[in-house]
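Down below is the structure, laid out as structure tokens.
Along the sequence shown, residues are numbered consecutively beginning with 1.
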Amino acid sequence: MNKIHEEFERMRQRQDESTADSKSKNAVQVRPQSKKSWKLFAMSLAACMILSACSSSVTSNQAEQQSTAQTSDSTPAVGNEENDKQEGAEEQSGTEVQAVITPDNFLDTLLNGSKDEIYSQMSPELKEVVSLEEFKSSADSFLQGVTTLDQVVDAEMNNLTERVWKDATGTKAIRAYFSEKQIEGLSIHALKPHEDTDNKFTQTEFQFPMKGDWFVFWGGNDVLSNYHYEHETQRYALDIVRTKDSFSYQDDPTKNENYYAFGEPLYAAADGTVVEIKNDLPDNTPGVMNAEEPAGNFVVIDHGNEEYSITAHLKEGSVAVKKGGKVKQGDLIGELGNSGNSSEAHLHFQVSDGADLFTSRSINIRWADQSQQLTRGNTIQAR
């Protein structure tokens, strides 16, 4: 469901450990793009948190291969030791820092400036898997035929700034992650729409299942906004967290109760009949995921019209409804938790054409409130 990476357990270690230690644990991927001449390269970062896959239709290896540098955490500052290593890597690559690359000038530098400058500010982890020449070649191929790139995501969370740009055709996109002093992640993507299902919405009108302000971690109709999108079973699923001052937690990140989302009430998004529940799985220690029970504790409600809402990763023992029971929109059904294949407290919510999360097909949700966009990087106000 929610793709919260294997990396989360190391998410804050770089504040106290050297880059060399982070490198030894970091998962990095470079994948060729078979249908494009340019190479898709994607690096998952050291010290990151990414909401994790709840799908048994995707193997763990496939899930790892399909995750492309999607993070929400990085170190706020780079120590002298890491600076020395970065400078050494730059000297070895034959480049020098000519200018500071920021989220605001990255795109202009990519289109009109020096790619050497961009590469010089990549993290050591990125340089370890992509050479300067590979980066230049991939970027040049990607930019062929591109006349404009429009920003579609501008988000900050846990000391990491994310920017995403799409071309005018909606078929090419680039994502970059920035910490205070370097480029932590970069990925280039071909986007494939699923227009046959994008334009089909539920007959049922749904209310958002929580109240207050919430941050959309994954949501939208492309793989950059929503990693679920390429999987038919979860294509229109949402992963939602709560943030304050651009952080999803306070104090010790290894304690569930320090996450702003943990324990928040969850409500029935529409009238219906409860058809499945699970209530006895323990909540994970943040960063330690339960891949054997991907959905964790959950509630499945039949809303008629072959439409079933699936609310997953609930807090242990918090489910407030029984199988076979009737619910009205707004009834309490449980509390948000960190059970299942989840690295931190968050909500996974979707509507499918069957009660089984892993064999039914996800349906695009018709929301009662059409004034807010439930897409990655947006904060929504639910009442």
Side-chain angles (χ1 to χ4, degrees), residues 1-3 51 53-55 57 152-153 193-242 261 264-276 295 298-314 321 327-334 336 346-383:
M1 303 176 99
N2 161 344
K3 197 127 187 165
L51 302 179
C54 272
S55 175
S57 63
V152 293
V153 174
H194 295 280
E195 296 178 355
D196 55 330
T197 55
D198 288 351
N199 298 318
K200 294 181 180 179
F201 291 83
T202 59
Q203 296 183 51
T204 306
E205 190 175 77
F206 290 87
Q207 294 281 359
F208 195 71
M210 296 177 288
K211 297 179 181 179
D213 294 348
W214 293 89
F215 182 84
V216 182
F217 195 89
W218 293 121
N221 290 2
D222 63 66
V223 294
L224 273 183
S225 302
N226 191 357
Y227 95 92
H228 304 96
Y229 185 73
E230 64 180 309
H231 309 298
E232 188 177 33
T233 57
Q234 298 184 35
R235 180 160 294 156
Y236 305 105
L238 295 166
D239 283 339
I240 308 291
V241 299
R242 170 158 278 174
E264 287 292 312
L266 297 168
Y267 304 97
D271 298 353
T273 302
V274 178
V275 293
E276 295 290 345
F298 61 84
V299 174
V300 181
I301 301 173
D302 180 357
H303 301 283
N305 304 313
E306 296 185 339
E307 295 173 356
Y308 298 79
S309 66
I310 301 168
T311 306
H313 303 313
L314 275 66
V321 293
V327 294
K328 291 289 187 180
Q329 187 178 78
D331 285 353
L332 180 71
I333 62 172
L336 196 152
H346 73 282
L347 169 71
H348 175 101
F349 183 83
Q350 70 179 77
V351 177
S352 298
D353 63 5
D356 189 327
L357 172 67
F358 306 117
T359 60
S360 55
R361 292 171 297 181
S362 177
I363 309 172
N364 215 346
I365 300 172
R366 185 184 306 279
W367 295 104
D369 182 359
Q370 296 288 321
S371 67
Q372 302 185 83
Q373 296 295 316
L374 274 73
T375 55
R376 178 169 172 82
N378 287 346
T379 296
I380 61 170
Q381 292 79 40
R383 302 291 181 253

Report the distance from atom NE2 of H194 to atom CG of N364, rounding to the nearest 0.5 Å. 12.0 Å

Backbone of D271 reached by a side-chain donor or acceptor of H303 within 3.5 Å: yes

Going by the angle between their ring planes, with limits at 30° and 60°, are W367 and F206 parallel, tilted or perpendicular? perpendicular

Show your reasoning for whether side chain to side chain contact (heavy atoms under 4.5 Å, CB included) applies to F349 and L266. CA-CA 11 Å; F349 183 83; L266 297 168; over 6 Å; no

Within the distance-only criterion (no hydrogens, no angle test), does the side chain of Y308 pair as donor or acceptor with the backbone N or O of S360 below 3.5 angstrom? no

For Y229 and D198, which I'm curious about, is there any donor-acceptor pair between the side chains at under 3.5 Å? yes

Examine the side chains of S362 and H228 and answer whether a donor and an acceptor come within less than 3.5 Å of each other. no

Using only atom types and a distance under 3.5 Å, with no angle test, would you say the side chain of T202 pairs donor to acceptor with the backbone of T204? yes

Between the side chain of E230 and the main-chain N/O of Y227, is any donor-acceptor distance below 3.5 Å? no

Given the ring of F217, does R376 sit roughly above its face, with NZ or CZ under 6.0 Å from the centre of the six-membered ring and within 45° of the axis? yes

If only atom types and distance count, is the side chain of Q350 paired as donor or acceptor with the main-chain N or O of T233 below 3.5 Å? yes

Do side-chain atoms of N226 reach the backbone of V223 as a donor and acceptor pair under 3.5 angstrom? no

Other residues, nucleotides, ligands: >12 heavy atoms within 6.0 Å of E195 CD: no

If you count every heavy atom of other residues, nucleotides or ligands that lies below 6.0 Å from E306 atom CD, does the total exceed 12? no

Verify the distance criterion only: is there a donor paired with an acceptor across the side chains of E307 and S309 at less than 3.5 Å? no

Main chain of N221, side chain of S225: is a donor-acceptor contact present, judged purely on distance under 3.5 Å? no

Counting only heavy atoms not in Q373 (residues, nucleotides, ligands), do more than 12 fall under 6.0 Å from its CD? no

Between D239 and L347, is a side chain to side chain contact (heavy atoms under 4.5 Å, CB included) present by the stated rule, with each step listed? CA-CA 6 Å; D239 283 339; L347 169 71; over 6 Å; no

T311 (side chain) donor-acceptor with F298 (main chain) under 3.5 angstrom: no

Flag, side chain of D302 to backbone of T273, donor-acceptor distance under 3.5 Å: no

Go through it in stages, so that I can follow the logic: the residues are V275 and I301, the test is side chain to side chain contact (heavy atoms under 4.5 Å, CB included), and I'd like the CA-CA distance, side-chain angles, deciding distance and then a yes or no. CA-CA 6 Å; V275 293; I301 301 173; over 6 Å; no

List the steps and the verdict of side chain to side chain contact (heavy atoms under 4.5 Å, CB included) for I363 and Y236. CA-CA 6 Å; I363 309 172; Y236 305 105; 5.6 Å; no

For L336, the option from H313, M210, R242 that meets side-chain contact (heavy atoms from CB on, under 4.5 Å): M210

